[in-house]
2 protein chains.
Amino acid sequence: MDQLTKAAFQFQTIYQEIRDRIGLLQYPPGTMLSENKLATEFGVSRTPIRRVLQRLEFEGLVVSKQGIGTLVTTVDLQYLKEVYALRLKLAQLAGELSPIRPTEQRIATLESILEKFEAMYDQYDPTELARLYNRFQAEMLPLIGNRPLREISERLYHQTARVWLQILPDLDWAEEVNIACQEVREVIGALKEKDMPAMARIRSEHMAMLLGRTSRYLGGGSAR
Amino acid sequence: MDQLTKAAFQFQTIYQEIRDRIGLLQYPPGTMLSENKLATEFGVSRTPIRRVLQRLEFEGLVVSKQGIGTLVTTVDLQYLKEVYALRLKLAQLAGELSPIRPTEQRIATLESILEKFEAMYDQYDPTELARLYNRFQAEMLPLIGNRPLREISERLYHQTARVWLQILPDLDWAEEVNIACQEVREVIGALKEKDMPAMARIRSEHMAMLLGRTSRYLGGGSAR
DNA sequence: TGCGCTCAACTTGTATACAAGTTGGATTGT
DNA sequence: ACAATCCAACTTGTATACAAGTTGAGCGCA
């Protein structure tokens, strides 16, 4: 697509890598990210690392405090609910504001993702399941025609996606895999009939259910 | 409210100043912002300036290109329409997702702003009118209870607000002042009756009208 | 033992020198 | 006269030294 300069490409690489580590809980909430160590790991100086961390701070995934460090944020329940309440509505909007018709190729990709989801029944691996759902989400994003809405949806997703992974070990594995499979299956069905509003409704409903499960768990359990 | 560190305060100051300059067309689209000159002006080194410019780049107000410079972006009509289509819907959402009841103090402030708007009939000063509308917008933001929605609304506003100011000289001054006054008046009326959905509807409709005027002008005229 | 101080070892924030990249004008050859 | 080339003067991107700030371990002392 766009021709990225060397610097921009390097930024994207490091940014996505660290963002994924946060989203997949390789850096759990509260983890301290040392600019020096990251710089050494990626073979650059602190400067480009700081640029990445500042972007992650703008997006609310980390906070930098002088003298202390750059800490991965914790998602408090109240904010989580607000984000989900908003994402619910935005998912519906995605079906109204000039949605993009899916290509055959995209549907094929989604079906291959569905197969991988179904293979997760036998293999307990929360991180892999989360990674798969990230891929599903990434595949769905381009169907949003409204550019600012697409960018916002992506940001909000990454802000809260890790919460599900956080409580996944305490949920019923088979049931969670099943719910995910069902969402992907229903979405594929709607896309094959080119029914974008239905697709939006399905995703919105699944978000609501997910918020329900999460909120029920975080609100009633021994969570802090 | 929050206790800001010295560095964070300095960042906010410089950030808001440069953002305002872009929004008020003191830096028209295409302007080159030199990090060195800005650093000299604000009495700091390039480092904190770069941090501000990177944030503005994330928000789409400028683009930095190595060897060329940091340029203020131009808002193309297509993207403008997409942003407005989204802001329309978001304005409605602001009335649904846990809106905040206005305090007496806030209504008083809005009425003082209305007076200043009414004083603009006799004084042709597009920049001052835009500054006033910015204040109005800033006063309305806290009524959005949903935090992520509030942040998004603010960002989208600053992304496109300057377009109106850009074409203001070619519009009918008295009419534009009148429309602005009417919006503020109607909003105050709705707020006094604590009718948040009505407030949301009013703002949404005014956005639609503004997009209509803008789009009619930019689409049909000799504007580039 | 326990309290309080100090300071060394970390952190992020800033200033600055240098590398990489672009542009436009002077200069030189035809 | 004109065209190609080179290079100086800018730009942003990176590396690095230093300033500012925080923390906790260790040491002295009551």
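All values reported here derive from a predicted model rather than from experimental measurement. Below, read A as the first sequence line, B as the second, and so on, with proteins coming before strands; counting in each chain starts at 1.
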Check: Around atom CZ of A/F9, are there more than 12 heavy atoms of other residues, nucleotides or ligands at under 6.0 Å?
Finding: no
Checklist line | From CG (B/L210) to OH (B/Y133), nearest 0.5 Å | finding: 7.0 Å
Note to self: Strictly under 4.0 angstrom, non-hydrogen atoms only: write out the protein contact profile of nucleotides 8-16 of chain C, one letter per nucleotide from the 5' end, B, S or -.
What the structure shows: ---BBBBBB
Please list every donor-acceptor pair under 3.5 Å in which a side-chain atom of residues 138-154 of chain A meets a protein atom from a residue at least two apart or in another chain.
residue : atom : partner : partner atom : Å
A/E139  : OE2  : A/R106  : NH1          : 3.1
A/N146  : OD1  : A/L149  : N            : 3.2
A/N146  : ND2  : B/E82   : O            : 3.0
A/R150  : NH1  : A/I144  : O            : 2.7
A/S153  : OG   : A/L149  : O            : 2.8

Notebook entry, point to check: Between the main-chain N or O of A/M120 and the side-chain N or O of A/W173, is there a donor-acceptor pair closer than 3.5 Å?
Noted result: yes
Margin query: Out of the candidates B/I179, B/L218, B/I167, B/D172, only one should pair with B/R213 under the side-chain contact (heavy atoms from CB on, under 4.5 Å) rule; please name it.
Written below: B/I179
